[in-house]
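So you know, we letter chains A, B, ... as the sequences are listed, proteins then strands, and number each from 1.
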Amino acid sequence: MQNAIVAAQLTEYADLLEIQGANSFRVRAYRNAARTVENLSSGLETLIAEGADLTELEGIGKDLAEKIVTLVTIGELPALTELREQVPTGVHEMLRVPGLGPKKVATLFHDLNVRTLDDLRVAAESGKVAELKGFGKKTAQSILEGLALLDQQGKRYFISAARDVAEALEHDLSQVPGTHQVAVAGSCRRRRETCGDLDLLAVADDETALMDRLAAHPLTEKVLARGETKQRVRLRNGMELDLRVVPSGSFGAAMQYFTGSKEHNIVVRRMAQQRDLKINEYGVFRDDVQIAGATEEDVYAAIGLPWIPPELRENRGEFALAESGRLPRLIERADLQGDLHMHTTATDGTASIAEMANAAKERGLKYIAITDHSKRVTMANGLDADRLLAHWQEIERISRGLTGIHVLRGIECDILEDGSLDLEDHVLAEADWVIAVLHYGLKQPRDQIMKRLLNAIRNPHVDAIGHPTGRMINHRAGADIDFDTFLKAAADHGTWLEINANPARLDLDDVHAAAARDLEIPIVIDSDAHSVNGFDVLEYGVDQARRAGLRSEDVVNTLPWPDFWERLQRRQPTG
DNA sequence: GCCGTTTTCGGCCCGACTGTTTTCAGTCG
């Protein structure tokens, strides 16, 4: 059973306990455990098989360790099954309705016997909901609106879409007279793969003017809530955005607070407590006297820490690194010297070899690999051996006419369902660069997926595995990979691994990229560009690498040209 | 349910906004 599934079941357990009115700290314990499991770099199956003591994991004690072992070995948790019998699925689903939390859901279930979302709609329309104690007409109305929006509300948006909107609003709001600062906070600033909503912070003399401007902004659809310091709106793309106006002396504290993550901030505030300090969004306080808060650096300094990059603020080890002065200097977009995964009109790209090379050069890249599809990808007009050899000749010809950029003859070679590669070894041997990928049969059982990946890793002509899981964010799960085995094999055979920068992929993810780095596996960050503008996604790949804590030296395509080429030759078999 | 260089019991992060109240509970981030 995959860690993500175990985590989901623990979260469900917490939800159901909460609806039943269980002790909130007990509920939190299940949520914390779910989080710990989700962030493990090793598979629970492997850990348990090796006899690891799960109680050594953060937030997991004797009881939860037993429950997790039961889940992984038997495949289900009797205690969860029992809870599910007491709380119908539809009641659990009601938690997704905006404005409904565990208390109101429990009241609806117990007092009105509402068991499904349909029941809920009927009850709200009939006026029964409005009659409940603690409810009212507005609550009933907001439930109906929430039901109508459920599909969109649950949606999370690609980091690319979130950044576009957030940065546009950041710019436009900063133009409002009397506005001194506007900045993006929240998960968008932490560069999560997806964002559920957006957070903007501002320092302004006239918060009314600022909120009015946001309310009237073309990107805004509706004002959902408005107070003296905070306004929440729904944007036309369906995202919700919070704008908070804070005093300038609190700006750093507010940035720290609203950047999160929640888990990171819980630790920050606990550390503050231990120093008899209190930290909230207004500042750092000792005996109700503010001692810091204008900048984030001051806030961290108050608890004895250096400033921590937002991408690392997930309570996944950043505090230990900060305390010991070992925070990494994270990779930046400008560090990338090359891009090793892209397509041309030879298959499903929209630009020629020369156009891609020139576009890459304009974006500051010094070398690229043209990696069109292999023949299995018929939909994209994939290349067979003959067409590929001709394509490589063309690449060589064009490359000779270019200055300032080196163009490698590459191929994105499919790893077929039976585990073989889509091109023969003697063809691959002629390539400068081979990136092997799974495109088809992603739903095969783990054993077969692993057989395919290990075959590719062991092939001496395969330089890297591209978008290893094949997942598409918000669309499909990736292949079922035993990452412990996969990463060890890559390390043993000197095979590199890709972080595919396409915002729908971002594959490897941050947890696995960090695990790969720990094994000293070289990482490549690639655009997978299909057009001249396709290079622009590289920044999202860099974001993902930063969340993994990667430094420039962990990413092999940060090497300048001759060094990269030499490094690649050392990787490849001689002869 | 977890956790412990003061603890095996008694804590567990903090504040804004809304709706339904008339001092506060619930939800959200």
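Going from the C1' atom of B/dA16 to that of B/dC12 covers 22 Å, rounded to whole Å. With C1' as the reference atom, B/dT7 and B/dC2 are 14 Å apart, rounded to whole Å. Across B/dG11 and B/dT6, the matching C1' atoms stand 14 Å from one another, rounded to whole Å. Nucleotides B/dG26 and B/dT21 place their P atoms 12 Å apart, quoted to the nearest Å. Between B/dT27 and B/dT20, the distance separating the two P atoms is 13 Å to the nearest Å. For the C1' atom pair drawn from B/dG19 and B/dT23, the interatomic distance equals 14 Å after rounding to whole Å.
Legend: residues meeting salt bridge (charged side-chain N to carboxylate O under 4.0 Å, His left out) with A/Arg189, ordered by chain and number and at least two apart, are A/Glu296.
A straight line from CZ of A/Arg26 to P of B/dG1 spans 4 Å, rounded to a whole angstrom. Distance CG (A/Leu57) to C1' (B/dC3): 15 Å, rounded to an integer number of Å. Taking atom CZ of residue A/Arg232 and atom P of nucleotide B/dC28, one finds them 9 Å apart after rounding to whole Å. Rounding to whole angstrom units, CD of residue A/Glu58 and C1' of B/dC12 are separated by 14 Å. Regarding A/Ile143, its CD1 atom lies at a distance of 11 Å from the P atom of B/dC28, rounded to whole Å. The OH-P distance, from A/Tyr13 to B/dG1, rounds to 7 Å in whole Å. Summarising the geometry, the separation between CZ on A/Arg96 and P on B/dT27 is reported as 17 Å, rounded to the nearest angstrom. Residue A/Lys262 contributes atom NZ, which lies 9 Å from atom C1' of B/dC28 at whole-angstrom precision.
Once rounded to the nearest 0.5 Å, the distance linking CG of A/Leu120 with CE of A/Met94 reads 5.0 Å. Rounding to the nearest 0.5 Å gives a distance of 7.5 Å between CD1 of A/Ile68 and CD1 of A/Ile48.
At a cut-off of 3.5 Å, with distance as the only test, no side-chain donor of A/Asp507 or A/His512 sits close to an acceptor on the other residue.
Projected onto DNA chain B by closest heavy-atom contact, A/Lys104 and A/Thr55 fall at different nucleotides, the more 5' of which corresponds to A/Thr55. A residue-by-residue look at A/Arg270 and A/Val27 shows that A/Val27 has its nearest nucleotide of DNA chain B further toward the 5' end.
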Nucleotide by nucleotide, nucleotides 15-25 of chain B touches protein heavy atoms under 4.0 Å in the pattern (B base, S sugar-phosphate only, - none) SSSSSS-----
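In this structure a side-chain-to-backbone donor-acceptor pair under 3.5 Å is missing from A/Thr70 to A/Leu77. A/Glu125 places no side-chain N or O within 3.5 Å of a backbone atom of A/Val122 that could act as its donor or acceptor partner. Listed for the A/Ser187 side chain is no donor-acceptor partner under 3.5 Å among the backbone atoms of A/Arg190. Side chain of A/Asn265 to backbone of A/Tyr257: a donor-acceptor contact under 3.5 angstrom is found.
Among the protein residues, A/Asp197 comes within range of the sugar-phosphate backbone only, with heavy atoms under 4.0 Å from sugar or phosphate atoms but none that close to a base. If you check every strand for non-hydrogen atoms under 4.0 Å, A/Asn23 touches a base.
When both distances must be under 3.5 Å, the Watson-Crick or G-U wobble mate of B/dT8 does not exist.
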